[in-house]
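A short worksheet on the structure shown next.
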Amino acid sequence: MRAPRSEDFTSPLHGPALASRVGPALGVCFAVCFLTGLLSHYAQQPSQPVPFPTSPAWGYRLTQGLHVVTGTAAVPLLLVKLWTVYPRLFQRPARLDLRHLALTALERLSVLVLVASAVFMLVTGLANASQWYPWSFSFRTTHYAVAWVAIGALVLHVAVKLPVVRDALRRPLDDDPPARSASLSRRGLLRATWLAAGVAVLATAGSTVPWLRRVSVLGVRSGDGPQGLPINTSAAAAGVTGTATAPGWALTVVHGARSVRLTRADLLALEQRTEELPIACVEGWSASGTWTGVRVRDLLDEVGAPRGSDVVVRSLQRSGPYRTTVLQARFADDDRTLVALALGGEPLALDHGHPARLIAPNRPGVLQTKWLDRLEVLA
Ligand SMILES: Nc1nc2c(c(=O)[nH]1)N[C@H]1C(S)=C(S)[C@@H](COP(=O)(O)O)O[C@H]1N2
Ligand SMILES: [Mo]
């Protein structure tokens, strides 16, 4: 017995011919995933040097949908890519001088970092999209930090491999004689790869695209939930069933020494506005709703808050990362931003945030605070 060598892997499915055709598709998925991920991370920063735009209202819905769809499509692409190149792991260094050995070791290390970080990104991303958290670290911070490692290693990898890719793409796909016992041709594997990526896209895109819902077996919570809208955290899970249904509930709006307390009846007596706005969850699902309620700007006027003020939004929830959010001035001043009291013409369901919830255009779902308690204007 001896350890395998790269020459032992004779299948035409290994090597640059396929790697350089699957690689670019994988690179595009990673690039789209990285850019949309940066955007999503920035959108969730409480303080933003460059204010995040409030228009188009469906912008975050599109970019986060793309994020999850390209990440899912990357899974079969990465698996095939690894299959095409793994015999290189067994390649002996061509020469035994120190400089060559060091370069080989460096190249392998960079590939190791790339593969490990890419697998980490896809596994944590998919787990998060299916609401499974088998870890104790903060998902967003870690997923964001490792993204930089992955993209850095990817850029290096592309730069190093560009000549090999160019050379392989110049040759026809089936340039060498078919292997005697090959049960699958290069063309065959390539077709199967595009098909698998296409199926992955269809299976998740329905979380964003309503008419794809029926084929989206992997789409998480696409059509369910009361009032035709999915639920992420229920009132029971948030521990607010009691406080959210208490007859004494009132929304407090505070600006410095001035404050008002508005019961649901008080809020319903104010001018009501109706806006069509999506909930776009970071997990990739999104759905549009017709929301009716009071403009946040009208409430801020009640306590004399000037335009351009950030607002801290607090919910009745006592623990959990989403119980308070910062509503940046641009969102607070946007005419479409509401304290919603109704959804689809019916009073807001308890799980959608009764007695009142925040809804703003082009804002990550995780910041659309439910079960409101207070709005505090920041100085
Ligand atoms: N107070 C509070 N608000 C919250 C959450 C939460 O856990 N607590 N979850 C957020 C998330 S992650 C999403 S996607 C939306 C979902 O709103 P929906 O359940 O009405 O569809 O509510 C947001 N508002
Ligand atoms: Mo969410």
Side-chain angles (χ1 to χ4, degrees), residues 36-37 40-41 43-44 46 57-58 60-61 63-65 67-68 125 127-133 138-140 143 204 207-208 210 213 219-245 249 251-252 275-293 296 311-327 331 337-344 346-376:
T36 49
S40 176
H41 190 77
Q44 293 175 66
W58 43 264
Y60 184 80
R61 182 180 196 186
T63 61
Q64 196 60 11
H67 185 73
V68 174
N128 190 67
S130 40
Q131 290 230 310
W132 178 49
Y133 306 101
S138 148
F139 169 77
R140 186 157 74 92
H143 196 70
T204 44
S207 305
T208 310
R213 256 177 209 161
V220 193
R221 258 151 307 138
S222 19
D224 40 5
Q227 301 176 313
L229 201 71
I231 301 272
N232 246 30
T233 316
S234 65
V240 296
T241 315
T243 44
T245 52
W249 178 88
L251 176 70
T252 309
E275 299 289 345
E276 174 92 20
L277 292 172
I279 292 270
C281 182
V282 291
E283 289 146 17
W285 65 262
S286 59
S288 197
T290 307
W291 307 90
T292 305
V296 165
V311 178
V312 175
V313 178
R314 292 193 197 283
S315 89
L316 296 166
Q317 211 178 330
R318 283 293 141 251
S319 66
Y322 314 133
R323 67 183 191 281
T324 63
T325 56
V326 174
L327 184 69
F331 289 89
T337 301
L338 304 179
V339 164
L341 307 165
L343 170 56
E346 294 164 27
L348 208 54
L350 183 57
D351 284 339
H352 282 310
H354 169 90
R357 80 166 306 158
L358 180 74
I359 187 84
N362 201 28
R363 189 164 159 86
V366 45
L367 305 179
Q368 310 276 32
T369 314
K370 303 196 272 193
W371 314 293
L372 291 180
D373 180 28
R374 292 164 72 85
L375 303 179
E376 294 167 12

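This is a predicted model, so every value here is computed, not measured. Order of listing sets the numbers, starting from 1, for every ligand and every atom in it.
A search for side-chain hydrogen bond (donor to acceptor under 3.5 Å, both in side chains) contacts involving Glu346 returns nothing, not counting sequence neighbours. Take Thr252 and apply the side-chain contact (heavy atoms from CB on, under 4.5 Å) test, not counting sequence neighbours, and it matches Val254, Arg261, Arg374. The side-chain contact (heavy atoms from CB on, under 4.5 Å) check on Thr324 picks up Arg314, with sequence neighbours excluded.
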*Would you sort out whether Lys370 and Ile231 count as a side chain to side chain contact (heavy atoms under 4.5 Å, CB included), showing the intermediate values?*
CA-CA 11 Å; Lys370 303 196 272 193; Ile231 301 272; 4.1 Å; yes

_Could you go through Tyr322 and Thr369, starting from their C-alpha distance and side-chain angles, then the distance that decides it, and tell me whether this counts as side chain to side chain donor-acceptor pair (under 3.5 Å)?_
CA-CA 7 Å; Tyr322 314 133; Thr369 314; over 6 Å; no

Short N or O contacts of ligand 1 with protein, under 3.5 Å, listed by atom name?
{"unit_1": "ligand 1", "atom_1": "1 (N)", "unit_2": "Ser315", "atom_2": "OG", "d": "3.3"}
{"unit_1": "ligand 1", "atom_1": "1 (N)", "unit_2": "Gln317", "atom_2": "OE1", "d": "2.9"}
{"unit_1": "ligand 1", "atom_1": "1 (N)", "unit_2": "Lys370", "atom_2": "O", "d": "3.3"}
{"unit_1": "ligand 1", "atom_1": "3 (N)", "unit_2": "Lys370", "atom_2": "N", "d": "3.0"}
{"unit_1": "ligand 1", "atom_1": "7 (O)", "unit_2": "Thr233", "atom_2": "OG1", "d": "2.9"}
{"unit_1": "ligand 1", "atom_1": "8 (N)", "unit_2": "Gln317", "atom_2": "OE1", "d": "2.6"}
{"unit_1": "ligand 1", "atom_1": "17 (O)", "unit_2": "Arg357", "atom_2": "NH2", "d": "3.2"}
{"unit_1": "ligand 1", "atom_1": "19 (O)", "unit_2": "Asn232", "atom_2": "N", "d": "3.4"}
{"unit_1": "ligand 1", "atom_1": "19 (O)", "unit_2": "Lys370", "atom_2": "NZ", "d": "2.5"}
{"unit_1": "ligand 1", "atom_1": "20 (O)", "unit_2": "His352", "atom_2": "ND1", "d": "2.6"}
{"unit_1": "ligand 1", "atom_1": "20 (O)", "unit_2": "Arg357", "atom_2": "NH1", "d": "2.6"}
{"unit_1": "ligand 1", "atom_1": "21 (O)", "unit_2": "Pro230", "atom_2": "O", "d": "2.5"}
{"unit_1": "ligand 1", "atom_1": "22 (O)", "unit_2": "Arg357", "atom_2": "NH2", "d": "3.4"}
{"unit_1": "ligand 1", "atom_1": "24 (N)", "unit_2": "Gln368", "atom_2": "O", "d": "3.0"}

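Around CH2 of Trp58, the count of heavy atoms belonging to other residues, nucleotides or ligands within 6.0 Å does not exceed 12.
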